[in-house]
Number of protein chains: 2
Amino acid sequence: MSKSCILKHFGSYAELEPCHEDLLCSLEKSPRKINAETVLCHEGDIAEAFYTVLSGWLFSYRNMEDGTRQVLDIFVPGDVIGLREFAFTHRLTSVAALTEAEVCEFPKSRMAEIFSNSVLLSSLFFAIGAREQAVLLERLVNLGRRSATQKLAHLTLELLSRLERTNTFSQNEFRMPLPQHVLADALGLSTVHVSRTFTELKEEGLMFRDNNHIQIPNIKRLKDFAGFSPYYLNESVPLDSRN
Amino acid sequence: MSKSCILKHFGSYAELEPCHEDLLCSLEKSPRKINAETVLCHEGDIAEAFYTVLSGWLFSYRNMEDGTRQVLDIFVPGDVIGLREFAFTHRLTSVAALTEAEVCEFPKSRMAEIFSNSVLLSSLFFAIGAREQAVLLERLVNLGRRSATQKLAHLTLELLSRLERTNTFSQNEFRMPLPQHVLADALGLSTVHVSRTFTELKEEGLMFRDNNHIQIPNIKRLKDFAGFSPYYLNESVPLDSRN
DNA sequence: AACATTCAATAACATAGGTTTTTGCAATAA
DNA sequence: TTATTGCAAAAACCTATGTTATTGAATGTT
């Protein structure tokens, strides 16, 4: 849990000057701890704040009328939760924690402040929103036109790739604290089929999972298999740091 | 084709003053006509401009390695094409016209101008991006957790709802110029199954289609059936018009 | 007219993934 | 130790949707 995870995250998109850093840091005041399995907010609640994720994993989801559920976002440290609700009075999804986590609440109204004080930070937030769209887009492709094995491999690679933006680790293994029923709800599959799919990936030697621990013996092979190209996560327009 | 479609569209989100209108109108200089079936830009191209849609329908898509295709956005008059590529140097998807259409190109660099000149317009563009996210989110739910009939009904209702924001018409019928293979690629289905699904909806009396013309005898019944709630399209935060 | 092309409907058959159920294995509680 | 609970694996069976083909209607082309 480094001092400012959001700084590290935002800083990976643009050169930040002290004035920007101060403004960003002020969005991480008074962190709040939440336990695993705890619901942070509910679909339909009044949405008056965003959250930055300091540590831990969270996810957003929608409960369907037929008792089914769709998982929509997975949040890791450095992410901002709820940006899209800037345009809405009520929450579009519920959000819950997957692990113990720390989040910092900051009110929507602070966005106006950002828009009026800094062109760079305005651009930066706009760019973050654009990247969120790119992630959703890729998930749409995943759900629409890939097989269960590809879906699972692709989502795993997406998460690994996003973690690599701010962390470095052994490249071919990492912890992914998503139980199979959450993966199922994220990929539009049944839990049983997620299990089958893991054993299939294991039998193919593409990917191994043991108790949330993922191992990928040959990343390139898995990427080819899943049709994963990371440019939608890692390529970005350099933003100018004046003002 | 009214004089400024984008004004009408943006104006439905916030009270615009003359200075904002001037700025927005300047994004609709020199419209360019494109024919149906024409490709406007290709995935991987350098992305240096957005487009506003003056008239006609377009769609964005991704061609997959296995010859398959995923349709990602459907654009109608008033929409902005390519906003999400603000954060990328290359296009994430290809875009093509469904009907004869008119679009206006404006360079990405104009966004900086907007960010530095008007807090209201900054907020507005941010809000448009947020709404685009909400649409993608709902599509994710659609692909992940709904049956083929619900998917088709839901997408139809989404489009009707979006058109109603700036147009008014007979409420239960409209023109939806999407051939079945485009619907299939948007919903992750086969063309054959889209056809089956239309006849099923017809047999249930929920929805009729003849040559791109859609009729919905009982909107409420169809919305209930599809699990469609329009708040993600029509509810919005009022934006302040100072500056 | 004759022909080609596109789009949609239909049928017959194949399969990926869903459902239900049983089992095993940890981790925690009693 | 013995229950209890929560995941995950596996098996058997079911169904929604995919695939391949055929046909017809509408439209465009020569």
Side-chain angles (χ1 to χ4, degrees), chain A residues 35-37 64 66-70 96 98-100 142-156 175-204 207-215 225-226, chain B residues 35-38 64 66-71 96 98-100 142-156 175-204 207-215 225-226:
Chain A
N35 293 323
E37 323 259 309
M64 313 285 291
D66 61 356
T68 232
R69 184 175 74 160
Q70 177 66 40
L98 284 162
T99 66
E100 187 174 86
N142 214 22
L143 291 200
R145 289 296 186 209
R146 282 198 259 255
S147 69
T149 33
Q150 290 178 309
K151 286 182 192 183
L152 186 50
H154 196 281
L155 179 59
T156 307
R175 203 176 101 81
M176 185 171 75
L178 308 183
Q180 294 192 357
H181 68 269
V182 172
L183 287 168
D185 288 339
L187 299 173
L189 299 171
S190 67
T191 55
V192 175
H193 201 61
V194 168
S195 173
R196 277 197 283 243
T197 302
F198 268 121
T199 75
E200 198 184 325
L201 285 168
K202 180 172 67 188
E203 281 165 2
E204 301 287 338
M207 189 169 119
F208 300 84
R209 182 188 118 121
D210 179 44
N211 202 15
N212 293 340
H213 182 90
I214 300 286
Q215 276 201 46
F225 170 79
Chain B
N35 294 322
E37 324 261 307
T38 307
M64 314 283 293
D66 61 356
T68 232
R69 185 176 72 160
Q70 177 66 40
V71 167
L98 284 162
T99 66
E100 188 173 85
N142 214 22
L143 291 201
R145 288 297 186 210
R146 283 198 257 255
S147 70
T149 33
Q150 290 178 308
K151 286 181 193 182
L152 186 50
H154 197 282
L155 179 60
T156 307
R175 202 176 102 81
M176 184 170 77
L178 307 184
Q180 293 192 355
H181 67 269
V182 172
L183 288 168
D185 288 339
L187 299 173
L189 299 171
S190 66
T191 55
V192 176
H193 201 60
V194 168
S195 174
R196 277 197 281 245
T197 302
F198 269 121
T199 76
E200 199 184 325
L201 286 168
K202 181 171 66 188
E203 282 165 2
E204 301 286 337
M207 189 169 118
F208 300 85
R209 182 188 119 122
D210 181 43
N211 202 14
N212 293 341
H213 182 90
I214 300 285
Q215 275 201 46
F225 170 79

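To find a chain, count down the sequence lines: A is the first, B the second, and so on, and within it residues start at 1.
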So how far is it from B/Phe208 CZ to B/Glu203 CD, rounded to the nearest 0.5 Å? 10.0 Å
Have a look at B/Thr199 and say if it touches a base, only the backbone sugar-phosphate, or nothing, with a 4.0 Å heavy-atom cut-off. sugar-phosphate
In terms of side-chain geometry, is the basic nitrogen of B/Arg145 or A/Asp185 positioned less than 4.0 Å from the acidic oxygen of its partner? yes
Reported OG1-to-CD distance for the pair B/Thr191 and B/Gln180, which is rounded to 0.5 angstrom: 7.5 Å
Out of curiosity, A/Glu37 CD to A/Leu98 CG, how far, rounded to the nearest 0.5 Å? 8.0 Å
Looking at CG of B/Leu189 and CZ of B/Arg196, how far apart are the two atoms once the value is rounded to the nearest 0.5 Å? 10.0 Å
Protein-proximity profile, nucleotides 12-26 of chain D, B/S/- by nucleotide at the 4.0 Å heavy-atom cutoff, equals B----SBBB------
For DNA chain C, which nucleotides open and close the run of contacts to chain A, 5' to 3', at under 4.0 angstrom from a non-hydrogen atom? C/dG17 to C/dT20
Rounding to 0.5 Å, atoms CG (B/Leu143) and CG (A/Leu187) come to a distance of 12.5 Å
dist B/Asn142:CG -> B/Arg146:CZ (nearest 0.5 Å) comes out at 4.5 Å
By salt bridge (Lys or Arg N to Asp or Glu O under 4.0 Å), which residues pair with A/Arg209, not counting sequence neighbours? none
Would you list the protein and nucleotides 6-8 of chain D atom pairs, both N or O, that sit under 3.5 Å from each other?
{"from": "D/dA8", "atom 1": "OP1", "to": "A/Arg209", "atom 2": "NH2", "distance (Å)": "2.2"}
{"from": "D/dA8", "atom 1": "OP2", "to": "A/Gln180", "atom 2": "N", "distance (Å)": "3.0"}

Set of side-chain contact (heavy atoms from CB on, under 4.5 Å) partners for B/Thr149, sequence neighbours left out: B/Ser147, B/Thr197, B/Glu200, B/Leu201, B/Phe225
Quick one: list whatever passes ring-ring contact (aromatic ring centres under 6.0 Å, His included) with A/His154, sequence neighbours left out. A/Phe228
